[in-house]
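The structure under discussion appears below in the form of structure tokens.
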Amino acid sequence: MIDRSGIRFLFLAPAGVSLLLGLYAAAALLGFDVPPLADRLAASHGALMVFGFVGTLIVLERAVAIKMWWAFFAPALLGLGSLLVLAPLPIWIGRTAIAVGALGLLLIYRSIWRRQAMTAIAIQFLGGVNLLVAAILWLANVPVAHLIPAFSAFLVLTIAGERLELARLSLRGTHPGRALLWASLTLTGCVSLALCVPAFGYPLFGLALLCVVSWLFLHDVARRTLGSVGLPRYMAACLLSGYAWLVVAGVIWLVGGAATSGPTYDAVIHAVLLGFTLSMIMAHAPVILPAVLRRPLPYRPIMYLPVVLLHASLVLRVLFGDARGLPHLLQLGGSLSITALLLFIVIAGASAVLGPVRQGKPARPVQRDRS
């Protein structure tokens with residue numbers, strides 16, 4: 001009989017394949033000498049990382065949380081659909097599966113809302129709406145470059161809702177999180193503006209994003225746990241550094257406007273999809289993966305290594321390669337980002353295999369001579 005953790009691992013397998021294919025596409029797009037890249041993989045690089053990798057992880061965690069058998073169809077369709085997009089089949093098949101999987105996420109949130117109606121769930125639901133919008137637009141052959149605001153809103157609002165859940169006990173007032181909810185609604189509305197009226201929509205989207213990030217900086221418990229030790233401090237460092245990259249993206253959109261190609265586009269998508277999203281994954285992996293797989297993933301200080309490498313790589317890529325037009329630094333930064341993610345996977349896997357960190361035996365008290 002297969003245990004539940006083994007079954008859940010099967011749901012993670014498409015996410016892992018999507019990640020590896022996405023990294024392969026990234027290496028090819030950076031100009032490295034790799035075997036020829038299929039046209040579909042090159043065109044689906046960003047969508048593969050959001051739908052197939054990050055989306056599957058997030059939706060699987062939600063499915064595990066509500067403990068309903070039907071909920072697992074959502075992550076399965078997202079992961080499988082992402083792989084079907086690359087298969088020699090009509091492309092609408094895979095994209096339709098992704099759209100249905102995104103719809104499944106909204107049904108999951110509806111079930112959670114029935115159990116406990118909270119502002120935090122409403123914000124996460126808005127994130128799911130943006131995922132569904134992106135999936136439907138992709139099914140309608142809208143280019144991936146124009147879906148970045150929707151992708152960003154999905155990722156940001158999912159995390160913002162989770163962080164509000166943790167911060168609500170320390171918030172004052174009768175409606176904790178109301179300001180974040182209004183900022184989230186504005187951000188979602190600006191996704192439509194960015195699609196329909198790019199000249200106005202993108203700057204407003206950037207401004208709304210900065211409002212969301214400002215709330216997180218002011219109220220997230222990570223500000224307090226940064227002064228602690230161990231896992232809480234590690235998570236806080238990842239979260240706050242991820243928020244910093246959202247500020248970079250928000251400023252780029254606010255000042256630069258619509259960005260669908262060129263260095264500005266490269267800078268903004270990697271500030272969000274790498275600087276923010278991967279920081280969130282690295283932060284929550286020791287907590288989320290054990291909840292999903294029922295296997296411990298102990299924190300170890302060496303986990304800081306890929307985090308530092310990730311942010312250093314983005315400084316090279318975004319602030320020097322893109323901003324100053326230095327392609328060799330862009331390529332170096334991109335390669336280091338790939339290395340950082342692979343290194344984190346290796347370290348996390350080794351930590352899971354090694355098991356919990358053993359605490360040293362307490363030293364015996366020294367007997368003082370009372371004579």
Side-chain angles (χ1 to χ4, degrees), residues 14-15 17-19 21-26 28-29 36-56 58-59 73-107 126-158 187-202 204-205 249 253 257-266 268-270 272-273 277:
V17 174
S18 296
L19 172 62
L21 290 173
L23 293 178
Y24 178 85
L29 294 172
L37 189 68
D39 291 339
R40 283 193 180 187
L41 182 54
S44 306
H45 167 56
L48 198 65
M49 295 297 285
V50 175
F51 291 127
F53 174 50
V54 183
T56 300
I58 291 173
V59 180
F73 281 103
L77 287 170
L78 280 171
L80 182 61
S82 299
L83 299 182
L84 289 176
V85 166
L86 305 177
L89 297 170
I91 200 166
W92 64 266
I93 296 177
R95 293 182 179 182
T96 300
I98 289 172
V100 176
L103 178 61
L105 175 60
L106 297 186
L107 297 177
L126 287 174
V129 168
N130 284 285
L131 182 68
L132 180 59
V133 167
I136 292 173
L137 291 175
W138 200 36
L139 179 59
N141 292 320
V142 174
V144 172
H146 296 277
L147 304 181
I148 299 303
F151 286 157
S152 301
F154 160 62
L155 298 168
V156 171
L157 297 184
T158 298
L187 187 72
T188 300
C190 289
V191 170
S192 298
L193 283 177
L195 286 165
C196 300
V197 193
F200 296 99
Y202 275 87
L204 290 176
F205 182 84
W253 273 317
T260 56
S261 62
T264 305
Y265 173 70
D266 184 85
V268 77
I269 63 170
H270 290 98
V272 175
L273 299 184
T277 305

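Count residues from 1 along the sequence.
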If every non-hydrogen atom of Gly22 is compared with every non-hydrogen atom of Leu48, which pair is closest and at what distance? N-CD2, 3.8 Å
Donor-acceptor list for residues 139-154 side chains, cut-off 3.5 Å, not counting sequence neighbours:
from, atom 1, to, atom 2, distance (Å)
Asn141, OD1, Arg95, NH1, 3.0
Ser152, OG, Ile148, O, 2.8

Holding to side chain to side chain donor-acceptor pair (under 3.5 Å), I want the full list of residues that pass it with Thr96, two or more places apart in sequence or in another chain. none
How far does CG of Leu155 sit from OG1 of Thr277, to the nearest 0.5 angstrom? 4.0 Å
Smallest separation among heavy atoms of Ala102 and Ala135, with atom names: CB-CB, 4.3 Å
Can you tell me how far CG of Leu131 sits from CG of Leu103, rounded to the nearest 0.5 angstrom? 10.5 Å
Identify each donor-acceptor pair in which a side-chain atom of residues 82-91 lies under 3.5 Å from a protein atom, sequence neighbours left out, and give them as a table.
from, atom 1, to, atom 2, distance (Å)
Ser82, OG, Gly52, N, 3.2
Ser82, OG, Leu78, O, 2.8

Nearest 0.5 angstrom please: Cys190 SG to Phe200 CZ, how far? 13.0 Å
Say you draw a straight line from CG of Leu77 to CG of Leu105; how long is it, rounded to the nearest 0.5 Å? 12.0 Å
Does any pair with a residue in residues 257-266 pass salt bridge (Lys or Arg N to Asp or Glu O under 4.0 Å), and if so which ones, sequence neighbours excluded? Asp266-Arg317
Rounded at 0.5 Å granularity, tell me how far CD1 in Ile58 sits from OG1 in Thr158. 4.5 Å
Using the six-membered ring wherever Trp is involved, compare the ring planes of Tyr202 and Trp253 and label them parallel, tilted or perpendicular (cut-offs 30° and 60°). tilted
Does atom CZ (Phe73) have a neighbourhood of more than 12 heavy atoms from anything else shown, all under 6.0 Å? no
What pairs with Pro263 under side chain to side chain contact (heavy atoms under 4.5 Å, CB included), at least two apart in sequence or on another chain? Asp322
Return the set of residues passing side chain to side chain contact (heavy atoms under 4.5 Å, CB included) with Ala26 (not counting sequence neighbours), or none when no residue passes. His45, Ile338
Rounded distance [0.5 Å steps], CG in Leu106 versus CG in Leu126: 10.0 Å
